[in-house]
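Hydrogens, waters and symmetry mates are skipped; everything else that's a heavy atom, side chains included, is used. Residue numbering restarts at 1 for every chain, and letters A, B, ... go by the order of the sequence lines.
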2 protein chains.
Amino acid sequence: MDMPIRTADEVDLDRLNSALGFLMRLAQLKIYERFFEEVGEHNLKPGEFSVLWVILHNPGIRQSVLGQRLMIKRAHMTKLIRALEDQNLVSRKIPDGDRRAVEITLTPEAVTRVRKASQWFFSYEASVGANLTAGERQQLTALLQKFVGLG
Amino acid sequence: MDMPIRTADEVDLDRLNSALGFLMRLAQLKIYERFFEEVGEHNLKPGEFSVLWVILHNPGIRQSVLGQRLMIKRAHMTKLIRALEDQNLVSRKIPDGDRRAVEITLTPEAVTRVRKASQWFFSYEASVGANLTAGERQQLTALLQKFVGLG
DNA sequence: CAAAATTTGTTTACAAAGAAACAATCTCCA
DNA sequence: TGGAGATTGTTTCTTTGTAAACAAATTTTG
């Protein structure tokens, strides 16, 4: 007589529990969940923060390059940038050298705001993976960097 | 004179390149990209495969429990299950004990199909992270399991 | 040089996923 | 027992992201 499964930890995942794609998805969802629980006043989404952060460190970066680095598709990047422009956080400039391209810069207000949000973000980030030891966390970071080709 | 940034590897990510949330997102996108490149004939999406796999190993599992384990929201689970039902892959049964719940089972066709797809899936999975050594891959898996609480 | 191919960004249409409100059922306890 | 609250699933609406077709500018190459 099989009893019906009543709680999530009784579920048999078989080999799925060592599938990297599966584990990575669970990990990312867990991280995002906490992000939104803790983001508070800054009301930036993870994608918005990373875009603004990268523009801060690479003023005049082109949309296409930004998208390649952050793995955001061009169609989506267009919408992200427009939304940021509507909030007066970024400005777009068509460079003389290549009039197809768009170069993005932060507005002064955005610089202040991103600097402030980054203080929250990186202290939040440091608290991600609190159930790992410091060494394990460091190892995980290094392995992920190698995995994605940023090491 | 700042030269404009022309390629993705010139982009300065500053501390973002050690942020677990960021690395995890890149890793997952990379894995999904390869999944769709290689999935071939099976035309199952990652979410569909994992749902079917878990039902195979837990026949009669309830929608809510399935969703908890796979971190799929109830509203979305309803749609996934209906889509699978429309393809005649799962059947739904309201148990006598609790007439709010829905118990899910694979159809015989689905059992065959999932077994077959799983052969592809797990050999694909084994090839994920080919740029890591076997030891690193094993370490990454273990760290992720601990991170998400499956260890 | 001029036609062909590529790059860059936008638009439109659509798919995937979440949020909130809802209905039905069940549980708990006064 | 019976009513308040919780659980389960569905529906509707919105957000997020992708795909494909397109336009404009640039690069390549015959």
Quiz item: Phosphate oxygens OP1/OP2 of dT11(C): is one of them under 4.0 Å from a side-chain N or O of T78(A)?
Solution: no
Self-check item: Listed nucleotide nearest any side-chain atom of A101(B), set dG9(D), dG9(C), dT26(D)
Solution: dG9(D)
Quiz item: Separation of Q63(B) atom CD from dT10(D) atom C1', in whole Å?
Solution: 9 Å
Quiz item: Can you find a side chain N or O atom of R82(B) that sits less than 4.0 Å from OP1 or OP2 on dT11(D)?
Solution: yes
Quiz item: With distance as the sole criterion, do the side chain of R100(A) and the base of dT7(C) form a donor-acceptor contact below 3.5 Å?
Solution: yes
Practice problem: Could you tell me whether a side-chain N or O of E38(A) sits under 3.5 Å from a main-chain N or O of Y124(A), the two making a donor and an acceptor? | Solution: no
Practice problem: Please state how far atom CE in M71(B) lies from atom C1' in dA16(C), giving the value in whole angstrom units. | Solution: 17 Å
Practice problem: Calculate, to the nearest 0.5 Å, the distance between atoms CG and CG belonging to L56(B) and D14(A) respectively. | Solution: 8.5 Å
Quiz item: Are T141(A) and Q138(A) close enough that a side-chain donor and a side-chain acceptor fall under 3.5 Å?
Solution: no
Exercise. Whole angstrom is fine here: how far is it from NZ in K93(B) over to P in dT8(D)?
Key: 17 Å
Quiz item: Mapping P95(A) and A75(A) to their closest nucleotides on DNA chain D, which lands nearer the 5' end?
Solution: A75(A)
Quiz item: Separation of D98(B) atom CG from dG9(D) atom C1', in whole Å?
Solution: 11 Å
Practice problem: From the options dG9(D), dC26(C), dT26(D), select the nucleotide whose nearest atom is closest to the side chain of R99(A). | Solution: dT26(D)
Quiz item: Rounded to the Å, how far apart are Y32(A) OH and dG18(C) P?
Solution: 12 Å
Exercise. Kindly say whether, by distance alone, the side chain of K79(A) makes a donor-acceptor pair under 3.5 Å with the base of dT18(D)?
Key: yes
Quiz item: Over how many whole Å does the gap from E37(A) atom CD to dA19(C) atom C1' extend?
Solution: 15 Å
Quiz item: dG9(C), dG9(D), dG17(D): which one has an atom nearest the side-chain heavy atoms of R62(A)?
Solution: dG9(C)
Self-check item: Between dT18(D) (C1') and M77(A) (CE): distance, integer Å
Solution: 14 Å
Exercise. Please tell me which of the listed nucleotides, dT18(D), dG9(C), dG9(D), lies nearest to the side chain of V102(A)?
Key: dG9(C)
Quiz item: Would you find more than 12 non-hydrogen atoms of other residues, nucleotides or ligands less than 6.0 Å from R115(A) atom CZ?
Solution: no
Quiz item: 5'-most contact on DNA chain C: K73(B) or H76(A), nearest heavy atom basis?
Solution: H76(A)
Quiz item: Does I81(B) or I72(A) map to a spot on DNA chain D nearer the 5' end, using the closest nucleotide for each?
Solution: I81(B)
Practice problem: Please tell me which of the listed nucleotides, dG9(D), dC26(C), dG9(C), lies nearest to the side chain of R74(B)? | Solution: dG9(D)
Quiz item: With respect to the side chain of K45(A), which nucleotide from dC26(C), dT8(C), dT16(D) is positioned closest?
Solution: dT16(D)
Quiz prompt | R34(B) and S127(B): side chain donor to acceptor below 3.5 Å | solution = yes
Quiz item: Atom CZ of F36(A) and atom P of dT15(D): how far apart are they, to the nearest Å?
Solution: 14 Å
Quiz item: If every non-hydrogen atom of F121(B) is compared with every non-hydrogen atom of L16(A), which pair is closest and at what distance?
Solution: CE2-CD1, 4.0 Å
